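Treat the numbers as computed from the prediction; the structure is a model and nothing was measured. The figures that follow rest on heavy atoms only: side chains count, while hydrogens, waters and symmetry mates do not.
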Amino acid sequence: MSEPAFFPLPSPLSLAEVAALSGARLLHEGQADGRQVHGVGPLADAGPTDLAFFDSPRYVDAFRASRAGACITTEKLASDAPAGMAVFIAARPAHAFVAVTRTLFPQALRPQPIFGHSGITPGAFIHPTARLEDGVTVDPGAVIGPHTEIGSGSVICANAVIGPQVRIGRDCTIGPGASVLYALLGNRVIIHGGARIGQDGFGFQPGAGGHLKVPQIGRVVIQDDVEIGANSSIDRGALRDTIIGEGSKIDNLVQIAHNVVIGRHCIVVSQTGISGSTTLGDYVMLGGQVGIVGHVTIGEGAQIAASSNVRGDVPPGVRWGGSPAKPVREWFREVTTLKKLAEAGTRSGAARGGDEA
């Protein structure tokens, strides 16, 4: 069985092109001698035609032993480079490395059509009243409902479902098996496979005779350049819209409830749950497995550590963690104090046991 090449080998780049793309400086100009970069890889696996990066002393042994033909690092770390390696200097090596990788592998930046063709493929189900601009690709099995509008350059992958009257902007990608209902999407939005957008939120009025379902009549509004990971779920609003702000990035397996408003350029990591009517300011960052109760506000630029539980408002620009979440220094003091108390109790118990013996 042959080994597949999921991402085709790119056209090579000269070292001068690597410098221009990354903004990095070639440490020894004499090394720009016709060498080319054909691919990228980690320090341990990169070969003589590959580019790697090195930005932490933790990996100095791998750097010294690396066979990479070129590497982006910092001025401080460059002295450990092996002989023959072309060394680029950058203030943020990982950022510079990504800039080059994006050029080498542009097809890896968003899901590609599963069927491998452009345009409307046989087996796609498109309602006659739907409006698709030129250049839209629709894979087999995709369903596009009545009065839906989709902008040019967008890709609707296999078995995706786009509901009635949904609006999808230009250069968007809806991954395989995703569903988009009651939603307005801006341009360059990426929704990965299995994500669920616009289903009704969890709203019930408890009563003696059972739980009365509350109609959810809002929408989901997703602004430009948002990316939503696989199997994440964003509920439509109850009376107002659920909003995901421009440039925000949402990981796999995230639950966002009805009426939530997420600001611009936020990061939400996997297995986080955001309860209804919560508001996140711009540039908020939530670590993995964060839980947020409903009707709270997290201020602009705040960061919440992984596995934290947020039960009240969070001020702008702070770093909180723990359960319940609190300023990280206070949280660390509590953890340290509890550890000392536990150790003291263990020693005391051992001493009493010795006296009884």
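Under the rule for a salt bridge (charged side-chain N to carboxylate O under 4.0 Å, His left out), the partners of Arg264 that lie at least two apart in sequence or sit in another chain are Asp282.
Using modelled atom types, one side-chain atom of Ser66 and one backbone atom of Leu43 make a donor-acceptor pair closer than 3.5 Å. In this structure, the side chain of Ser152 does not engage the main chain of Gly135 through any donor-acceptor pair within 3.5 Å. Side chain of Asn252 to main chain of Ala230: a donor-acceptor pair is present (N/O by atom type, distance under 3.5 Å, no hydrogens or angles).
Among pairs with a residue in residues 45-65, those fulfilling side-chain hydrogen bond (donor to acceptor under 3.5 Å, both in side chains) read Arg64-Asp80, at least two apart in sequence or across chains. Residues in residues 91-114 take part in these side-chain hydrogen bond (donor to acceptor under 3.5 Å, both in side chains) pairs, two or more places apart or across chains: Arg110-Thr173.
Annotation: side chain of Ile256 is in contact with side chain of Ile244 (closest heavy-atom distance under 4.5 Å). Val100 is listed as a side-chain neighbour of Leu51, based on a closest heavy-atom distance under 4.5 Å.
Residue Phe6 places its CZ atom among 12 or fewer non-hydrogen atoms of other residues, nucleotides or ligands, all under 6.0 Å distant. For Arg167, the CZ atom counts as densely surrounded, since its 6.0 Å shell holds more than 12 non-hydrogen atoms of other residues, nucleotides or ligands.
In the model, His258 has a side-chain atom that pairs as donor or acceptor with a side-chain atom of Gln216 under 3.5 Å. Under 3.5 Å, the side chains of Asp235 and Gln255 contain a donor-acceptor pair of N or O atoms.
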Original post:
Should Val40 and Phe105 be marked as a side-chain contact (heavy atoms from CB on, under 4.5 Å) after you check the CA-CA gap, both sets of side-chain angles, and the distance that decides it?
Top reply: CA-CA 10 Å; Val40 296; Phe105 298 98; 4.0 Å; yes
Subject >> Stepwise salt bridge (charged side-chain N to carboxylate O under 4.0 Å, His left out) test for Glu227 and Arg188 >> reply: CA-CA 9 Å; Glu227 184 160 352; Arg188 299 175 300 280; over 6 Å; no
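Each of Val261, Val296, Val310, Asn259 was evaluated against Thr278; a single residue qualifies, Val296, per the side-chain contact (heavy atoms from CB on, under 4.5 Å) test.
The cationic atom of Arg219 (NZ for Lys, CZ for Arg) does not lie both less than 6.0 Å from the six-membered ring centre of Tyr182 and within 45° of the ring axis.
Asp200 and Lys213 are joined by a salt bridge, as a carboxylate oxygen and a charged side-chain nitrogen come within less than 4.0 angstrom of each other. Under a 4.0 Å N-O distance rule, the pair Arg329/Glu334 does not qualify as a salt bridge.
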